Every structure is written in C-alpha cells, then in structure tokens.
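As the structure is a prediction and not an experimental result, all values here were calculated from the model. Below, chain A is the first sequence line, B the second, and so on; all start at residue 1.
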Amino acid sequence: MNTRADGVFQSADEARQGLCHLYRQCGYRHYKMSKFEEYDFYAKNKNFLVSNNIITFTDPDGRLMALKPDITLSIVKNARWQKGGAEKVYYTESVYRAEKDGGEFREITQTGLECVGDLSLYDTAEVLLLAVQSLEKISKDSLLTLSHLGFLEGLLDAAAPDEQTRSEVLRAISEKNMPALRALCEKKALSAENGSRLMTLAGLCGSFPEAEPILQNLNINEKTNDALSTLHKLYDALRAVGAAEKLRVDFSLLNDMRYYNGIVFRGYINGVPQGVLAGGSYDRLLSEMGKEPANAIGFAIYLDLLERLFPGEKDDEPVLLQYDSHLSIGEVLKEAQALREKGMRVRVQNTDEDGATRCIRLTKEGISDANA
Amino acid sequence: MQMLNIALPKGRLGEKVLAMFENAGRSCPAIHEGGRKLIFENEATGVRYFWVKPSDVAIYVERGAADIGVAGKDILEEYSPDIYELLDLGLGKCRMCVAGKKDFTDDREKTLRVATKFPHIARAHYARQSRQIDIIKLNGSIEIAPILSLSDVIVDIVETGTTLLENDLTVLETILPISARLIANKVSYLFKNKEITDLTKQMEALCENRSDAK
C-alpha cells in the first residue's frame, strides 16, 4: 500500500483495505455473509431499511429469497455476546437496493462496523472515534455531524403534538424548515414556547462548545438532560484524543425513532454532495427483532460515493512489442519476459499499430526501440 | 471566503430573486451585461450565479452543483429532494389546487380521473382522503383536460384564476399555498456554514422589511 505521508487514502481499494485494517486494530472481527437471505426476514423489518425496493427471486425449494439490501439486520440476528460483553464486527459487503422509490436498482459497496451487546459509553466513544478517523483517512476536509434523538424526544414530549403534527415537525426539523415550524405555531398545533424551542434546535449547526449554551437553554426535562450529559461526555472523550474538532452538533439529522435512540451521526467530505458515512445507536431494533434488551451502535461508509473523490489510478500504457512473424514463438516469449522483468508492462502482437505510446520492434536482427 | 454557487430559476421570478440577492450585498455586475455566458462570477462578493430551468434548481442543489438556489414549493413537494429549506422568500405566490368544471359533482362510486403535471402531489392529496384515482400525467395545457372529458378534475397551480374562469372551470379545493423558497445543499450548509447562514439572515431581513412596508 502506498498511502501518502499524511495517511490519506489514494483509491477506493486502498480505502477499503485501510478501513478494515483500522477496525481490526481495535479488535473488531471480520463478518462475512452470504449474498442473499430469505425475503421474509427483510419483510418483517422493512421499516428499518433505507429502501423498500428489494431484489427477490425464488430458490429451488420455492422459498422467496432476497439479495441483501442491508447488513446490520443480519449482524444483529446472529450477534452473540456474554453478559457484560459485546460482539464487535466489521464488514465490507455489497448491498442491492434502489435509493429512491422508483429509482433503479444499484449495487452499493459499503464498509462498516457494528457493536452489539452490553455497551458502555466507552464503546460509543470508540465507535465515534473510529468514524472520525475513517473520515480523516478519506479526506482531511471532513466533518462528522452528531445529534441525540433523546434530546429531540424530550422536546417533543413537552410539546405533545398529535401524530400528524409530530410527523410534520420531524420533517420540518430535517429540512431546517423554519417557515414550516412557524406555520405550525400559527395553526396552534404547537405552543409558541415549544415552537420556538424546536426552531432553535433545528437551526443549530456548530461545534459542541458553540452548541452547548444553546442546548443548556433548551434543557427542560430528564430526557434532554440525559442526552446533553451524554453529548458532553462524548465530546470530552473525543477532545482528549484530539478528535473533537471534526464534530458538529446538528439536530436536523434524524433516523427512524422506532429503531434508533440516543446518538446518531453522519460523516461528510467536502466535495461529495451526500453524506458518506451514516450511523447511530439502535437499541430499539433489538427489541423489535425479539432479542433480549441490549445496546447496539454502528456505522457504514458508502464507498461508491467516493469514486469521484479519488484521482483514479493512472493506468500506465503498456509498451507494444511488435515481432517479426519469422521468429519462433519461444523467442518472442523470452524477449517479452525479459522486458517485463525490467519492470515494463508489455503487450505483444505481430502487426504494427497506430497510437501505441511506445513500440519496440523485434526482428531477426535483434531488438530496436522506436522511441529510444 | 469561499465562493457560493447559486442556482437561479430562469424567468420573471428569477429576476426578482436576483434583485433580492443583490440587495443582500451579493451583487454581480457581469450578470447584467448580456451575451452568451452561462455562469457569472463576482469574487468581491463571493458569488457565482447561473440560470437554470426553474424545475431543475432543486436537482442542482441536491447534487451539490449549486450550494443554494431558489425553487418553488410545488417542485419541492413534487420531488422531495434531500435539501434544507431555509426561507420562504414570499415571492411567486400562488396555490396548488384541484379544479374542475363549474357543474362538477364528485361521485365517489367512480374512480376519479385526475390530469396533472404533479402526479406525486395529486396522489398524496387523494391518499389522505382514501380516494382511488387515475392519474393522467400531462406536461402542459392541463386546463383543457376536463373540457374534453379526458379527466374529471385537474391538479395544477392557480395564480389569479383567470385561465380557469375563461374556460368555465373553477377551483374546487386548495391543496397548499406555493411560494419561492431558499434551499441549500446539506453538505454545503456544513462546509460553507458561515456564508450560507449570513446570506440567509440578510435575505430574511429583506423579507421582513418588505412585509412591514405593506
């Protein structure tokens, strides 16, 4: 691997290997899975999936199978841990899905990690640190946005909106849509006080020291207090290892609250118009799947979004070795081999060709380099 | 300072929006010079403007070719792009409506035939009413559909209602009010946070002054 001096990856392949190496160093086990699972498994948990469009087919026994649209579900299903411990795994896999409803199916390569079991705040901090480090290895110009769903839930509890309003509020926050929140206040669906709190929360985007006094003002109940204290501890932990500069607190980042709880985060690279890393803690998925109560956190990096970021491996043009057809094949093979041993890429044919960057001729008289 | 790439919607609305940006201190003399240039830059104020088809603004912003842009609420509702909707500029005001012939009476026994340029909005509206409909996607001259019995009703933008009136059509229901919105790419918002939030605040102040003046 010829990683640059500053440790930034040069290609998608290198990124994949380097990220796996990073996770392995932290004691994560490699998780390999089959390309498909029974469709029923995904259908039961379909709200957890990014997209409901799944490629299905029937296996020889007549069972309906699905090309895997997601990896987290399979890892959670198979996770085993001892009391007080945790299963920590990393993976590089392809998933198959349509990004938007009605979009075309795509193969998406993702690398990521999951941590399932009896977790402590240490494990959360470690996962966040790995997320920051992963991004830094992809580009120095990266940021990780962090949100805590508990804080938002605390404010929503206080506002106690009906279901319709709740979903409108969530959508407005995810769009930082102040006019929509203001309209809800005007309709009296939200009280002025709760509305202004939610607007402040939606407008937030800054480092933790910038965000903290604002969050302190919004700290109105036990849920918000717990969330704020968790964010504080995580910030302190990351600052201790010099990784807090890359953090931005932003509550427009929402994941489905039926599965996710606690912190959620997303990683961005300047120049890539979408988030390249997505993660969060999803304790609720475990209970939804009928597992015993425990904690889970993880993230995935979408490697295919990075393809435009890397300069691309410059394929050095092979040298053309053009041989005289009177020569024996053995001799040609030998000469070609000799050139390759000198470190050249050599392509062999017996006719001349226009456009070859460098052409070496092999005749009875010997070898002649046209460019030399 | 980082340059802000701004997608402007071509047409009358775009001219008004440009004037607002210029009043907010983001002038760009080059854009008034005419000619065939497509992109106009002013390093002094840190902006790069370009004109695109109004319905494409959201695509440029969602995919990051533009950091911010101005798009109608109709387009945002129809395509639900993954962007931030920062401000209601209060320009280009109109309504998304259901319209039909003056003597139209809804017969719930039959599937309602709806002609529209906005199939997603129409489908969502009738789904809320648990109503089965047949969408007829048209690209223009929607008003003619009910007259020729191509559809029972139309879902379309109504500004003054004159076109409807001249064709013996009437508004049956308002689905949502429409106006121009300032939108931003989510990644740009993060990396060019100061530039975008400053500009948003200045634009907001302009909107407030205008409504005070009324």
Side-chain angles (χ1 to χ4, degrees), chain A residues 50 99-103 135 139-147 163-164 167-168 171-183 186-187 199 202-207 210-211 246-254 265-278 305 308-309, chain B residues 2-3 5 7 58-69 71 73 76-91 93 119-120 123-124 128 176-198 200-201 203-204 207-208 211:
Chain A
V50 177
E99 276 301 277
K100 268 190 174 180
D101 289 332
L135 288 171
S139 164
K140 290 282 167 207
D141 203 359
S142 58
L143 289 172
L144 189 78
T145 59
L146 183 63
S147 156
E163 199 146 314
Q164 169 76 15
S167 74
E168 282 175 34
R171 181 177 159 189
I173 289 177
S174 76
E175 293 172 342
K176 289 191 185 287
N177 194 334
M178 305 302 163
L181 286 170
R182 217 166 284 139
E186 278 162 20
K187 269 194 343 200
M199 276 190 257
L204 204 58
C205 178
S207 66
E210 285 166 350
K246 298 280 178 183
L247 286 187
R248 292 288 178 275
V249 177
D250 191 321
F251 282 86
S252 69
L253 174 57
L254 297 177
F265 49 95
R266 196 153 293 175
Y268 297 93
I269 305 273
N270 199 357
V272 181
Q274 286 163 278
V276 298
L277 180 153
L305 289 178
R308 280 174 209 289
L309 189 69
Chain B
Q2 299 185 79
M3 294 289 273
N5 293 316
I59 299 173
Y60 282 79
V61 174
E62 185 179 26
R63 294 191 165 245
D67 299 312
I68 59 172
K73 184 70 182 162
L76 302 178
E77 278 298 310
E78 181 63 24
Y79 299 103
S80 333
D82 188 18
I83 45 99
Y84 287 138
E85 193 180 317
L86 298 174
L87 203 59
D88 182 347
L89 296 176
L91 298 171
K93 280 188 176 171
H120 188 258
R123 209 168 280 129
R128 277 194 292 272
L176 79 157
I178 307 280
S179 57
R181 306 296 167 106
L182 180 69
I183 60 174
N185 176 274
K186 288 188 169 183
V187 185
S188 302
Y189 189 86
L190 201 58
F191 287 97
K192 298 183 181 176
N193 189 268
K194 185 163 172 11
E195 288 83 354
I196 294 178
T197 42
D198 283 355
T200 308
K201 277 184 201 138
M203 296 289 272
E204 192 169 17
C207 291
E208 276 163 15
S211 52

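In this structure, A:Y268 places its OH atom where more than 12 heavy-atom neighbours from other residues, nucleotides or ligands lie under 6.0 Å away.
Neither the backbone nor the side chain of A:R266 comes within less than 4.5 Å of any heavy atom of chain B. The contact between B:I83 and chain A is made entirely by backbone atoms, counting heavy-atom distances below 4.5 Å. If you measure heavy-atom distances from B:K73 to chain A, the contacts under 4.5 Å come from the side chain alone. Residue A:D141 touches chain B through both its backbone and its side chain, counting heavy-atom pairs closer than 4.5 Å. Interface remark: B:L87 contributes backbone atoms only to the contact with chain A (heavy atom separation under 4.5 Å).
Taking each heavy atom of B:V187 and A:I269 in turn, the nearest pair found is CG1-O, 3.9 Å. Across all their heavy atoms, A:C205 and B:Y189 have their closest contact at CB-CE2, 3.9 Å.
In this structure, B:Q2 CD and A:N270 CG are separated by 6.5 Å, a value rounded to the nearest 0.5 Å. Atoms CD and CZ, from A:Q274 and B:R63 in turn, are 7.0 Å apart once rounded to the nearest 0.5 Å. Between atom CD of residue A:E175 and atom CG of residue B:L76 there is a gap of 8.0 Å, rounded to the nearest 0.5 Å.
Note: B:N193 leads B:N193, B:T197, B:I183 in heavy-atom pairs under 4.5 Å with chain A. In terms of non-hydrogen atom pairs under 4.5 Å with chain B, the most contact-rich of A:A180, A:P273, A:S174, A:A172 is A:P273.
By the 4.0 Å N-to-carboxylate-O rule, A:E210 lies too far from B:K194 to be salt-bridged with it.
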